[in-house]
Student: 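Attaching a single structure in structure tokens format; questions to follow.
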6 protein chains.
Amino acid sequence: MLQITPSIQSTVQRALAEDLGPGDITTGSLIPPDCCGLGTIVAKVPGIIAGLEVALEVFRQADPSVEPQTLLADGSEVAPGTVVAKIGGSIAGILKAERVALNFLQHLSGIATETTRYVMAVEGTKAHILDTRKTVPGLRELEKYAVRVGGGRNHRYNLADGVLIKDNHIAVLRAQKLTLEAIIHRARENAPHPLRIEVEVETVREAREALGAQADVLLLDNMSLEEMRLVVTLVQGRCLLEASGGINLETVRAVAETGVDLISVGALTHSVRALDISLDIE
Amino acid sequence: MLQITPSIQSTVQRALAEDLGPGDITTGSLIPPDCCGLGTIVAKVPGIIAGLEVALEVFRQADPSVEPQTLLADGSEVAPGTVVAKIGGSIAGILKAERVALNFLQHLSGIATETTRYVMAVEGTKAHILDTRKTVPGLRELEKYAVRVGGGRNHRYNLADGVLIKDNHIAVLRAQKLTLEAIIHRARENAPHPLRIEVEVETVREAREALGAQADVLLLDNMSLEEMRLVVTLVQGRCLLEASGGINLETVRAVAETGVDLISVGALTHSVRALDISLDIE
Amino acid sequence: MLQITPSIQSTVQRALAEDLGPGDITTGSLIPPDCCGLGTIVAKVPGIIAGLEVALEVFRQADPSVEPQTLLADGSEVAPGTVVAKIGGSIAGILKAERVALNFLQHLSGIATETTRYVMAVEGTKAHILDTRKTVPGLRELEKYAVRVGGGRNHRYNLADGVLIKDNHIAVLRAQKLTLEAIIHRARENAPHPLRIEVEVETVREAREALGAQADVLLLDNMSLEEMRLVVTLVQGRCLLEASGGINLETVRAVAETGVDLISVGALTHSVRALDISLDIE
Amino acid sequence: MLQITPSIQSTVQRALAEDLGPGDITTGSLIPPDCCGLGTIVAKVPGIIAGLEVALEVFRQADPSVEPQTLLADGSEVAPGTVVAKIGGSIAGILKAERVALNFLQHLSGIATETTRYVMAVEGTKAHILDTRKTVPGLRELEKYAVRVGGGRNHRYNLADGVLIKDNHIAVLRAQKLTLEAIIHRARENAPHPLRIEVEVETVREAREALGAQADVLLLDNMSLEEMRLVVTLVQGRCLLEASGGINLETVRAVAETGVDLISVGALTHSVRALDISLDIE
Amino acid sequence: MLQITPSIQSTVQRALAEDLGPGDITTGSLIPPDCCGLGTIVAKVPGIIAGLEVALEVFRQADPSVEPQTLLADGSEVAPGTVVAKIGGSIAGILKAERVALNFLQHLSGIATETTRYVMAVEGTKAHILDTRKTVPGLRELEKYAVRVGGGRNHRYNLADGVLIKDNHIAVLRAQKLTLEAIIHRARENAPHPLRIEVEVETVREAREALGAQADVLLLDNMSLEEMRLVVTLVQGRCLLEASGGINLETVRAVAETGVDLISVGALTHSVRALDISLDIE
Amino acid sequence: MLQITPSIQSTVQRALAEDLGPGDITTGSLIPPDCCGLGTIVAKVPGIIAGLEVALEVFRQADPSVEPQTLLADGSEVAPGTVVAKIGGSIAGILKAERVALNFLQHLSGIATETTRYVMAVEGTKAHILDTRKTVPGLRELEKYAVRVGGGRNHRYNLADGVLIKDNHIAVLRAQKLTLEAIIHRARENAPHPLRIEVEVETVREAREALGAQADVLLLDNMSLEEMRLVVTLVQGRCLLEASGGINLETVRAVAETGVDLISVGALTHSVRALDISLDIE
């Protein structure tokens, strides 16, 4: 279950402020604050639910007197019509939180649902599905959580908790006549010891070079299936292998079957399709 | 051109904080701060660019010494390979801003590109394409801007700057024996006078009732094309008509041809596909 | 009853921080934190109370252990000596919140009291008393609430939730050879559809022109009673009429009797006289 | 000249956010951002100007491209028609800052003008006019500055920078059988040494007692002129004397002539009348 | 007992955010959130405890479900092995708060312990031990509290709540031909009346001059014991005397015996030795 | 050179707010804002300077008109009398920033100086000196920077960028009948792949067990020199070895000579002695 940290509380607070502005004029004009009822949150399409605790936090912040209650846990599969939560109390309170609560819930459930599709696609292989840093600005913590709900794993959270030597780093340093081995050595010298050294490689030859320089992880960027298979054979488990670059639901199975350990998919978070979920007042 | 307000500055600051954490360990371990170069931001697929000023703000905040410069204005059409901006200066500075700048740019350009598709689909009719409040939490200001860049128009920004009497409001008040006319009257009595009264209707009969009660705008929710045509004929321009409910690129033209004034599309912002854009160091 | 939103909580928090600084030195030096008693908040002059929930929030934030309790609701009429609230608990806690709680209460009650005077002055006419954006920086949300408590209505909250074409807009655009009709048309084209178009006019002729261009509301600025009467006759209910400009308690009745719908009074919020209220420890 | 501290910058930022909301819809719909002109800020009534630097900060924050310039310094006397500042640049930028800039300027100039009236009323006596902590929540720093502009002096800024033993403190401690002398002694023991001990007294007898206990300042609360004269004679300069309690412009001279050193006037900040100032676009 | 103000809550929140980053990866990978146990906080060396309420606030913020409980009050003397608090509940919650809670507790207890040593060293003299403004940035409120826990007194909290004319002020003004008397006079004229005038003097002659100009407090900076004795004799109680400048545990007794009233020691807060305290899970 | 990030700017802003409160009363009462001069920052004792850029940021924030300039870079060795920076401009501006600037500079230089002592003590061995998470709350970013200035290396920054399985984790999991091998396996399964697995061990036997389970780093906690030597021999470079636990300047050399790779020293940041540095106005 997601724990609502102060940072998530702030994210919710900003989202509510953004949507409420100085107040819900329509509801304020029509419905007395003490008029009570029950709202139900209902899935309209099949999918995996994520973000229920965030939605509840939205209701609680918008009106501390309402009583939101989940009927399912994050990660549950829903069908059209499945009731995922109920919110009792002031209808005015419920209505002014509705849109923000659904915006979080639809977005995060969209991520969990899509992640699950990838995870199922590689079932039976040893590959794990990873997210990336291609997240919607301001929502990384929640989006990475939704990936975990969908069965995926998290790549590094930010630039501080992983060493990933990318093409741009290598290009700059090669222009200064450093070999890949020297680059990896420099990273190992200077980076905090708790971090592994991961290196992006684009050819089998680079992979061999990085392996020789004792990289801990190789990021195989935009390689063909054939090349990936070669690298898997070459490495023999001496370091981890991560595949990335435009991998989609059609291609992910084949990639997994090359024998790589990890497959990272930017689209999990950069191109999210909201899961259709709505709120009805009874 | 987008003006960078303090609120956008904060959004950028939070996004950078989220991605940097305590610092870019890889770049910090490898590349001296005074090593300079030039980064170019390049489109990889066709689309409409939006958010360039935000991307530039990211670079400026991440490292005040870098000099970012746009080559195009927001709203420009790009092809694969089009260079949209150049950033000169410390390579370490450029690299630590790269991901966040691209995350904003890809997301907002994705919105502008999709909006343009809808706007072009209804060209020649009188209908305007509108966004909704179904935005990604925390990014509403920027997402609504991207919709405008794509040629769309903005619906209300938040709950305070528009009166929209929705199905849930009506259901609650009908349960208290109020007629639609009485509901509209109450809203007009209590809402600030600068705001029009918009009412959601689901049948032609409700539309007639709302028109009789002098609603300023009718929101035709999930009506068939036939019903919309009937309402257009009925109303004769005496109030504005807005169509909504699951309208997509395949169906939007037919909806526009019914004669409605406005078509609102939640997917513009709730289901964004990032436009593929990358940064290369030269 | 006012709901204490996060934004009001922040306003209270800033006010307390401003008044407490690093701590209440006098009380800290003299009175042990566990010394308990009862504070009563008492009106010293007649008036209308507003802001009690804010005052209670001040006490709660200053010392979560005190138990504040209102004896009246906002909008109640008080006489000298009326007890409006009681606060039980740590005397040190009560004393350190006293000044800030009273500052809010006196200011907001001052607004509600003055608004009531205007509302009573126009009783029996159809005119509503409105506030303006001439509020004390940082307190708009609360001041607009106090106006409502006093029986007034709110004009637009900020620049985003109403279109009001003012003299300065018109002067700039006329200098570019636009007619008033063209200006109104441009606003209607570009502004979000939920907003009415209100236009400031200074002469009967301008009023006629704006009416012809289908403005939704006319703001009659600094017109004589005679002119206002002429405009009322001219308009015949086809749009709303708002009078403004130096209207005071002596003149407001006559203005209302011209038949205008709305009268806006800047002094309600820009020139507030605090209502005298004090706190006694028993 | 007022220095714009980070805390004043935040106050301005909040005020702008409050008034702008998601943006100036009217100006945005009508006037292109690159349309330039000149705004002049003009006094409409006689008074003393205060807060010009704050007004300029508002313009700068709202649109960094505008060029605001003061023609007078704070403390200047103005007549109807006096131009106090000019702002060149984007008319859209000027208009969206106008109201907030004037709200600050009118409020602070109102305080400076009223303070000056009190200062002039006591001219020739040795009495100084003081403000109190009865300020509008969130504006204390600026309001106390405006009092200084008007020739007044500042009492303590907050509860931490002065020891003022008030009636409520004394009542609580007397109920525990402490004498006034014991109370003053306890304060001196516990308070930080940089602070003087000021004691509120309501009778000549209490004044004598406090003087005997070596209070540094006596606050004569709601005493008659006769009583004040007696205390002045009694004290003979051995401590400072401050008069307070409902003193107004009619009575302040007589109070000053009793020989007290300080006169504190809550109305300077709790009941401010805005000075009428406007902005015209040329 | 320390009251947890909003400002302390923010300090704790920042410290937790700093230490948690996006989450406790180790504990999250190993220990389920619902695995419960008991943590005990134990002193490892003798000393005086301060900051227990802050430590508890850390646990509460990190995981609202844990139940922290103090066994001692701040100011208690501890021996190696003394249990100072117990925290029951989710082990994951306890572990993620552990380091931050201990960091506060060790730092503040270090201050209280060292302060107590100074206070005991001057026992029997009339001198009080004072802190200074030489505090660790961001922790002043808590550090000054810890000094009080240790039996010390607080000098001014910040630049606003005390007038202290230092060597740099005097040098600048003497260069403009002002006498020390004129300087003191100017300060008395301009400073708010609740504040005493304290003057730094470096020689007996300056002390005499400042005394003549009726300074309220003299700060004897880096004087020899002999000089201090001379000033004590000279002043005869007519103003307070504060000694400062490199005074340490070896020298403080001799300084106190010269007869000064106050001794300020920067090292209490600028050179803190953490008290060794740890947390064990049972 | 330290880059001043937004997060450091906030830290400085809070420190200034804390020390300034509503303003520098002494300087404001005595010295006109336009009185200019030159301040020099001078070391009083030998040491290593760190934090100069932070000190400059303090001056710039306190008064944007002053011109601070460093004469040395961070990491420079200073002797008594070495001038490290000069600040020209408004003396009032310089004085109000003085204390905060020095507080940062003295604290960070104290850390750099002490770190250098440890680094020099192990010179010639292969051991690196590491900091810990035992930092002063709120200053971690700066303190870890100061450690690097002194030649030390950083351990993990926060709980998210390193897996360190500590005694408390192991105790809890052993109680559930997990072997150390199972624990390490579980961490590897669940933690993000960029992170190494470090395990705290207290005996040679545990070290052997952790090595067998392929831990990446062993933390040798409070082991004797003899035990450490045994582990070094056992491990033969197959994983990194970190020594910790009460290591001080007297013992660090002997620890390094056992052959461990890393030595972490909590006292570097939890028990800082400020370096004596002062500011003189010329």
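Chain naming here is simple, since letters A, B, ... match the order of the sequence lines and numbering starts at 1 in each.
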Student: For the interface with chain F, which of E/L164, E/D276, E/I91 has the highest count of heavy-atom pairs at distances below 4.5 Å?
Tutor: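 Looking at each option in turn, the highest pair count goes to E/L164.
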
Student: Below 4.5 Å, heavy-atom pairs only: which of E/R186, E/Q106, E/K166, E/E198 has the largest tally toward chain F?
Tutor: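 Most heavy-atom pairs within the cutoff with chain F belong to E/R186.
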
Student: Go through F/A187, F/A160, F/A15 and name the one with the most non-hydrogen pairs under 4.5 angstrom from chain E.
Tutor: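 Top option by heavy-atom pairs under 4.5 Å: F/A160.
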
Student: Of the backbone (N, CA, C, O) and the side chain (C-beta and beyond), which part of F/T11 lies under 4.5 Å from a heavy atom of chain E, both, or neither?
Tutor: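 F/T11 has no heavy atom closer than 4.5 Å to chain E.
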
Student: Residues of residues 174-185 of chain E under 4.5 Å from chain F (heavy atom pairs)?
Tutor: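 Within residues 174-185 of chain E, the residues that come under 4.5 Å of chain F (heavy atoms only) are E/Q176, E/I183.
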
Student: In Å and rounded to the nearest 0.5 Å, what is the CG to CD1 distance from E/L195 to F/I25?
Tutor: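 Spacing of CG (E/L195) from CD1 (F/I25) equals 6.5 Å.
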
Student: Would you mind checking which part of F/A191 comes under 4.5 Å of any heavy atom in chain E, side chain (CB onward), backbone (N, CA, C, O), both or neither?
Tutor: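 Backbone plus side chain of F/A191, per the 4.5 Å heavy-atom cut-off to chain E.
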
Student: Do any N or O atoms from the side chain of E/N103 and from the backbone of F/T135 form a donor-acceptor pair under 3.5 angstrom?
Tutor: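 Checked: pair present.
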
Student: To the nearest 0.5 Å, what is the distance between CG (E/D167) and CG (F/D280)?
Tutor: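 E/D167 CG to F/D280 CG: 7.5 Å, rounded to 0.5 Å.
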
Student: Among E/L173, E/I170, E/V172, exactly one meets side chain to side chain contact (heavy atoms under 4.5 Å, CB included) together with F/L30. Which residue is that?
Tutor: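 Filter result, single survivor: E/L173.
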
Student: So which of E/N190, E/I197, E/T269 has the largest heavy-atom pair count under 4.5 angstrom toward chain F?
Tutor: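 Option with the top pair count is E/N190.
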
Student: Using heavy atoms and a sub-4.5 Å threshold, report which of residues 16-23 of chain E line up against chain F, by residue number.
Tutor: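 The list, in residue order, reads E/E18, E/D19, E/L20, E/G21, E/P22, E/G23.
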
Student: In chain order, what residues pass the ring pair (Phe, Tyr, Trp, His ring centres under 6.0 Å) check against E/H155, with sequence neighbours excluded?
Tutor: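 D/H193.
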
Student: With a 4.5 angstrom heavy-atom cut-off, could you sort out which part of E/R156 is near chain F: side chain, backbone, both or neither?
Tutor: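 For E/R156, the contact with chain F is made by the side chain alone.
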
Student: Is there a side-chain contact between E/H107 and F/H270 in this structure, where contact means two heavy atoms from C-beta onward sitting under 4.5 Å apart?
Tutor: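 A side-chain contact is absent here, since even the closest heavy-atom pair is not under 4.5 Å.
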
Student: For the atom pair CZ (F/R140) and CZ (E/R14), what is the distance rounded to the nearest 0.5 Å?
Tutor: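 With rounding to 0.5 Å, CZ (F/R140) is 14.5 Å from CZ (E/R14).
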
Student: Taking the side chain as C-beta and beyond, is there a heavy-atom pair between E/P137 and F/L139 under 4.5 Å?
Tutor: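 A side-chain contact exists here, since the closest heavy-atom pair is under 4.5 Å.
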
Student: Given that the side chain runs from C-beta out, which part of F/E282 has a heavy atom under 4.5 Å from chain E: side chain, backbone, both or neither?
Tutor: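 When you check distances to chain E, no heavy atom of F/E282 falls under 4.5 Å.
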
Student: Quick check for you: among F/K96, F/R133, F/E98, which has the greatest number of heavy-atom pairs under 4.5 Å with chain E?
Tutor: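 So the answer, after comparing F/K96, F/R133, F/E98, is F/R133.
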
Student: What pairs meet the side-chain hydrogen bond (donor to acceptor under 3.5 Å, both in side chains) rule with one or both residues in residues 20-47 of chain F, with sequence neighbours excluded?
Tutor: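 As it turns out, the side-chain hydrogen bond (donor to acceptor under 3.5 Å, both in side chains) pairs with a partner in residues 20-47 of chain F, which skip direct neighbours, are E/H169-F/T27, F/D24-F/T27.
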
Student: Assess whether atom CZ of E/R273 is packed by more than 12 heavy atoms of other residues, nucleotides or ligands within 6.0 Å.
Tutor: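 No, CZ of E/R273 has 12 or fewer neighbouring heavy atoms, counting only those of other groups under 6.0 Å.
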
Student: Do F/L279 and E/N168 make a side-chain contact, defined as non-hydrogen atoms from C-beta onward lying under 4.5 Å apart?
Tutor: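 They are in contact (side-chain heavy atoms under 4.5 Å apart), so the answer is yes.
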
Student: Give a yes or no on this: more than 12 heavy atoms of other residues, nucleotides or ligands lie within 6.0 Å of atom CD of F/Q214.
Tutor: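 No, the 6.0 Å shell around CD holds no more than 12 heavy atoms from other groups.
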
Student: Heavy-atom pairs under 4.5 Å with chain E - which of F/S271, F/P192, F/G138 has more of them than the others?
Tutor: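 Result: the option with the highest number of such pairs is F/S271.
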
